[in-house]
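Everything quoted here is computed from the prediction, not taken from an experiment. Numbered from 1 within each chain, the chains take letters A, B, ... in sequence-line order.
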Protein chains: 2
Amino acid sequence: MTVTEAAGERLVRIGEVARGAGVSVRAVRYYEQQGLLVAERSPSGQRLYRQDAVPLVRFFQQMFAAGLTSRRIAELLPCWDSGHTDAEQRAMLRAERDRIQAKVDDLQAALDRLDEVIAITDTHPEP
Amino acid sequence: MTVTEAAGERLVRIGEVARGAGVSVRAVRYYEQQGLLVAERSPSGQRLYRQDAVPLVRFFQQMFAAGLTSRRIAELLPCWDSGHTDAEQRAMLRAERDRIQAKVDDLQAALDRLDEVIAITDTHPEP
DNA sequence: CTTGCCTCTGACGTCAACGTCAGGTCTTAG
DNA sequence: CTAAGACCTGACGTTGACGTCAGAGGCAAG
């Protein structure tokens, strides 16, 4: 609805989506269960996806890697779809952004500590 | 053994360690169970820690935040204690370092995508 | 028509780092 | 002495994103 929908868009089955995005079929079903993904159904009940489901799933993976939950992603999906947000969504966006930034800083600190140890043990003679 | 051990070092109980490091008592016990932390015992069986347990627990938290498991941390603890490593440990250190670096990059990419959306929705008129 | 692969719906299993509860002991301030 | 905390050992519960298995269809090729 929110995206241009050409008349005869090519629809793909779940396996193709999964392979294309590099996830499991189970994962794609899970995303639907969590309200992240909608699919039409063939007369026999098989899920049919538009091709933009592939980059969408990749995007989910990226957000998962950033520590967002599927619930949070579902709450923020309208921001991507419609391009506008209410105050609550903007607050959530900023909160997630700050959380990720803090995580990056933490990881960088951990990285520095590891590098420190690596430098020490590398310049050290073997026991 | 590996660290200078003054004669009458002040020993603290588990609650103080937990508060000092900002974790739960349960967490400290868990670290012991996972072989990350050793404690003497009072005659009545209560755990007694040296004060350097506090920064050590903080360090564990940092490594957990970086995605290392308690098992991995336990395997790498000798690197910190002794200051030297075998080939396998050096490989593990590098592997973890690379993994964390990759994670930082992923998070940065996710951050950029969020910032992009934030910029768009902020310059957008309210619906 | 059958073979082989894909897909379906449940529903239980996994893993890690704890949380939480039960029932008992210890320590310390008053 | 006593009551309030702090601590002890099990042991089961939680959370999130799936894995995995069972049993039952669906679909194109030969």
Worksheet item: Would you say a side-chain N or O of B/Tyr30 is under 4.0 Å from OP1 or OP2 of C/dC18?
Response: no
Item to complete: Grab the CD-P distance between A/Gln33 and D/dC18 for me, whole Å please.
Response: 12 Å
Item to complete: May I have the distance from B/Leu11 (atom CG) to C/dT27 (atom P), rounded to whole angstrom?
Response: 15 Å
Worksheet item: Any chance the rings of B/Phe59 and B/Phe64 have centres within less than 6.0 Å?
Response: no
Fill in: Listed partners of A/Arg99 passing side chain to side chain donor-acceptor pair (under 3.5 Å), at least two apart
A/Glu96
Worksheet, complete the sentence: From CZ of A/Arg72 across to P of D/dA17 the rounded distance in Å is 12 Å
Practice prompt. Check the distance between C/dT7's C1' and A/Glu32's CD and give it to me in whole angstrom.
Written response: 13 Å
Worksheet item: Quick one: do A/Glu116 and A/Arg113 make a salt bridge, cutoff under 4.0 Å?
Response: no
Fill in: Sorted by number, the residues of residues 54-70 of chain A with heavy-atom contact under 4.0 Å to DNA chain D
A/Gln61, A/Phe64, A/Leu68, A/Thr69, A/Ser70
Worksheet item: Distance-only, no hydrogens or angles: does the B/Arg90 side chain make a donor-acceptor pair with backbone N or O of B/Thr85 under 3.5 Å?
Response: yes
Discussion item. Between B/Asp98 and B/Lys103, does any side-chain N to carboxylate O distance fall below 4.0 Å?
Written reply: no
Discussion item. As an exercise, state the distance from CG of A/Leu111 to CG of A/Asp105, rounded to the nearest 0.5 Å.
Written reply: 12.5 Å
Discussion item. On DNA chain C, compare the nucleotides closest to B/Gln34 and B/Gln46; which residue's is nearer the 5' end?
Written reply: B/Gln34
Worksheet item: Does B/Ser44 have a side-chain nitrogen or oxygen under 4.0 Å from the phosphate oxygens OP1 or OP2 of D/dC8?
Response: no
Discussion item. Salt bridge or not between A/Arg41 and A/Glu32? Use side-chain N to carboxylate O under 4.0 Å.
Written reply: yes
Item to complete: Calculate, to the nearest 0.5 Å, the distance between atoms NE2 and CD1 belonging to A/His84 and B/Ile120 respectively.
Response: 13.0 Å
Item to complete: Output the residues of residues 22-29 of chain B in contact with DNA chain C, where contact means a heavy atom of the residue under 4.0 Å from an atom of the strand; sort by number or write none.
Response: B/Ser24, B/Arg26, B/Ala27
Worksheet item: Base, sugar-phosphate, or nothing for B/Arg19, non-hydrogen atoms under 4.0 angstrom?
Response: nothing
Discussion item. What contact category does B/Arg41 fall into here, base, sugar-phosphate, or nothing, at under 4.0 angstrom with non-hydrogen atoms?
Written reply: sugar-phosphate
Show me the donor-acceptor pairs, under 3.5 Å and distance only, between side chains in residues 13-21 of chain A and residues at least two apart or in other chains.
unit_1  : atom_1 : unit_2  : atom_2 : d
A/Arg13 : NH1    : A/Gln46 : OE1    : 3.1
A/Glu16 : OE2    : A/Arg10 : NH2    : 3.0

Worksheet item: Roughly, in whole Å, what's the span from CG in A/Leu48 to P in C/dC6?
Response: 16 Å
Worksheet item: Just how far is it from atom CZ of A/Arg72 to atom CG of A/Leu77, taken to the nearest 0.5 Å?
Response: 13.0 Å
Worksheet entry | Rounded distance (Å) that lies between atom P of C/dA16 and atom CG of B/Leu36 | 13 Å
Fill in: Stretch residues 93-105 of chain B: residues that reach within less than 4.0 Å of DNA chain D through a heavy atom
none
Fill in: Side-chain donor/acceptor of A/Gln34 to backbone N/O of A/Tyr31, under 3.5 Å
no
Worksheet item: Can you name the side chain to side chain donor-acceptor pair (under 3.5 Å) partners of B/Arg29, sequence neighbours left out?
Response: none
Worksheet item: For A/Glu16 and D/dC27, what is the distance between atoms CD and C1' respectively, to the nearest whole Å?
Response: 15 Å
Fill in: Interatomic distance where CG belongs to B/Leu37 and P belongs to C/dC18 [whole Å]
12 Å
